[in-house]
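A short write-up of the structure that comes next.
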Number of protein chains: 2
Amino acid sequence: MSRPGPTGDDLVRVLATLANPHRLRVVAALVRERNYVSRLARQLGISRALLQVHLRKLEAAGLVSAQLELSEDGKAMKFYEVNQFDYRLTPDAVAAAEQTLSLPEPGERGVEEGSRS
Amino acid sequence: MSRPGPTGDDLVRVLATLANPHRLRVVAALVRERNYVSRLARQLGISRALLQVHLRKLEAAGLVSAQLELSEDGKAMKFYEVNQFDYRLTPDAVAAAEQTLSLPEPGERGVEEGSRS
DNA sequence: AGCACCTGCTAGCTTCTCTTGGCATGTGCG
DNA sequence: CGCACATGCCAAGAGAAGCTAGCAGGTGCT
C-alpha cells in the first residue's frame with residue numbers, strides 16, 4: 001500500500017538518477033549529514049561543477065532538497081538534505097509501473113500473432 | 001534482514017538496467033507470461049536485435065534468465081522469464097550500499113577541512 | 001526449392017551522459 | 001584592494017548507451 005505506486009516515468013527517472021556511483025555517494029553523505037555544496041564537494045573529492053550537476057538531478061528526481069541559508073559570517077550557502085523516499089523493486093512493482101509509462105511511440109500491438117502453427 | 005544487502009556496484013547495475021522504458025516493459029511482459037525472443041519482440045513492437053540487447057542486460061543484472069527449448073515442431077526457441085528479486089530504495093539502503101562501492105578512484109578524503117572560520 | 005520462423009552477431013550511426021575548465025557574481029577580512 | 005570562500009552557468013570533449021540494418025546458420029512444411 002502506502003505509495004500510490006510511482007508513475008512508470010517517475011520510476012525510470014528515479015532509477016536513472018540513483019544508478020550512478022557519485023550520486024549514490026552524495027545521497028549517502030547527505031544521509032549522514034546535511035551539507036552545503038562546496039564542503040560536500042571537498043569531502044567527496046569531486047569538483048563543484050560536477051557535484052552541482054548531480055545535485056541538480058537528485059533534486060529533479062525529488063530525492064534531495066535544498067535551502068539557501070546565510071552563515072554567521074554572511075556567506076550564502078546552499079544546504080542540501082535527503083528527502084524521505086521508499087521505492088520497492090520487485091517484478092510486480094515493475095509490472096505495475098510499466099502500465100503507466102508514456103507512449104512507446106509508434107503503433108500499438110494487440111495480438112499480432114496468428115500465422116504459423 | 002533477509003537480503004545481505006546488495007553490493008553498491010550490484011545496486012548500480014540493477015538500477016541502471018531497470019532505468020529504461022524498454023527494459024521495464026520487457027520485465028513487465030515476462031512477469032505476465034514467459035516468452036521467447038521473436039514473439040516478445042513482436043508483442044512489444046521492437047526489433048529482435050534491440051530486444052536481444054535489452055534481454056542481455058537484464059540477464060547480466062540477474063533480473064531475468066533464459067532457457068533454450070525445442071518447440072513441438074522442432075524449432076529452437078529461447079524462453080525468458082523473470083527472476084525473483086526485491087530491491088528496496090530508501091535513504092538508508094542507499095547509504096548502506098554506498099559503503100560497498102568500488103574505488104572512488106584517486107586520493108581519499110579524511111577531513112580536508114580546517115582553514116577558514 | 002522456396003517460404004516462414006527461430007537464433008545469433010556486428011559494423012556504424014546517433015544520441016545522451018559525464019566531466020572538466022573557465023568565467024561571473026557576491027560577502028567578509030587583513 | 002586582494003585573497004579566500006560561497007554560488008551559478010556554460011561550452012566542449014570523451015565516452016557510453018541505444019538502435020538499425022544486414023548477414024549468418026538451422027528446422028519444418030508445401
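This structure is a prediction, so every number in the text was calculated from the model and none was measured. A, B, ... follow the sequence lines: proteins, then strands. Residue 1 opens every chain.
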I need a per-nucleotide contact map over nucleotides 20-30 of chain D, read 5' to 3'. Cutoff is protein heavy atoms under 4.0 Å; write B for the base, S for backbone only, - otherwise.
BB-----BS--
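- A donor-acceptor pair shorter than 3.5 Å can be found between the side chains of B:Asn83 and B:Ser65.
- Straight-line distance from the CD atom of A:Gln67 to the P atom of D:dT7: 13 Å, rounded to whole Å.
- Dashed line: the shortest gap from a side-chain N or O of B:Ser38 to OP1 or OP2 of C:dC5 is not under 4.0 Å.
- Within the 4.0 Å cut-off from OP1 or OP2 of D:dA6, not a single side-chain nitrogen or oxygen of A:Ser71 is found.
- Under the 4.5 Å side-chain criterion, counting only non-hydrogen atoms from C-beta, B:Leu63 is in contact with B:Thr17.
- Looking at B:Asp73 and B:Ser71, their side chains do bring a donor and an acceptor atom within 3.5 Å of each other.
- Note that OH of A:Tyr87 is 6.0 Å distant from CG of A:Asp10, once rounded to the nearest 0.5 Å.
- No side-chain donor-acceptor contact under 3.5 Å links B:Asn35 and B:Glu81.
- If you measure from atom CG of B:Leu70 to atom P of C:dC5, you get 19 Å, rounded to the nearest angstrom.
- Regarding A:Glu69, its CD atom lies at a distance of 22 Å from the P atom of C:dG26, rounded to whole Å.
- Straight-line distance from the CZ atom of A:Arg25 to the C1' atom of C:dC18: 14 Å, rounded to whole Å.
- Note on B:Val53: it does not cluster hydrophobically with B:Val37, by side-chain heavy-atom contacts below 4.5 Å among ILVMFWY residues.
- Contact annotation: B:Lys57 does not reach the phosphate of D:dA17 (side-chain N/O to OP1 or OP2, under 4.0 Å).
- Between A:Tyr36 atom OH and C:dT27 atom C1' the separation is 14 Å, expressed in whole Å.
- The interatomic distance linking A:Leu55 (CG) with D:dC9 (P) rounds to 12 Å, in whole Å.
- A salt bridge between A:Glu98 and B:Arg32 is present, with a side-chain N of the basic residue lying under 4.0 Å from a carboxylate O of the acidic one.
- The side chain of B:Arg39 places no N or O atom within less than 4.0 Å of a non-bridging phosphate oxygen (OP1 or OP2) of C:dC6.
- Going from atom CD of A:Gln52 over to atom P of C:dT19 covers 15 Å, rounded to whole Å.
- With rounding to whole Å, A:His22 atom NE2 is found 13 Å from C:dT17 atom C1'.
- A sub-4.0 Å separation between OP1 or OP2 of D:dC19 and a side-chain N or O of B:His54 is present.
- A close approach under 4.0 Å does not occur between any side-chain nitrogen or oxygen of B:Asn20 and OP1 or OP2 of D:dA17.
- Taking only side-chain nitrogens and oxygens, A:Arg56 never comes nearer than 4.0 Å to OP1 or OP2 of C:dC18.
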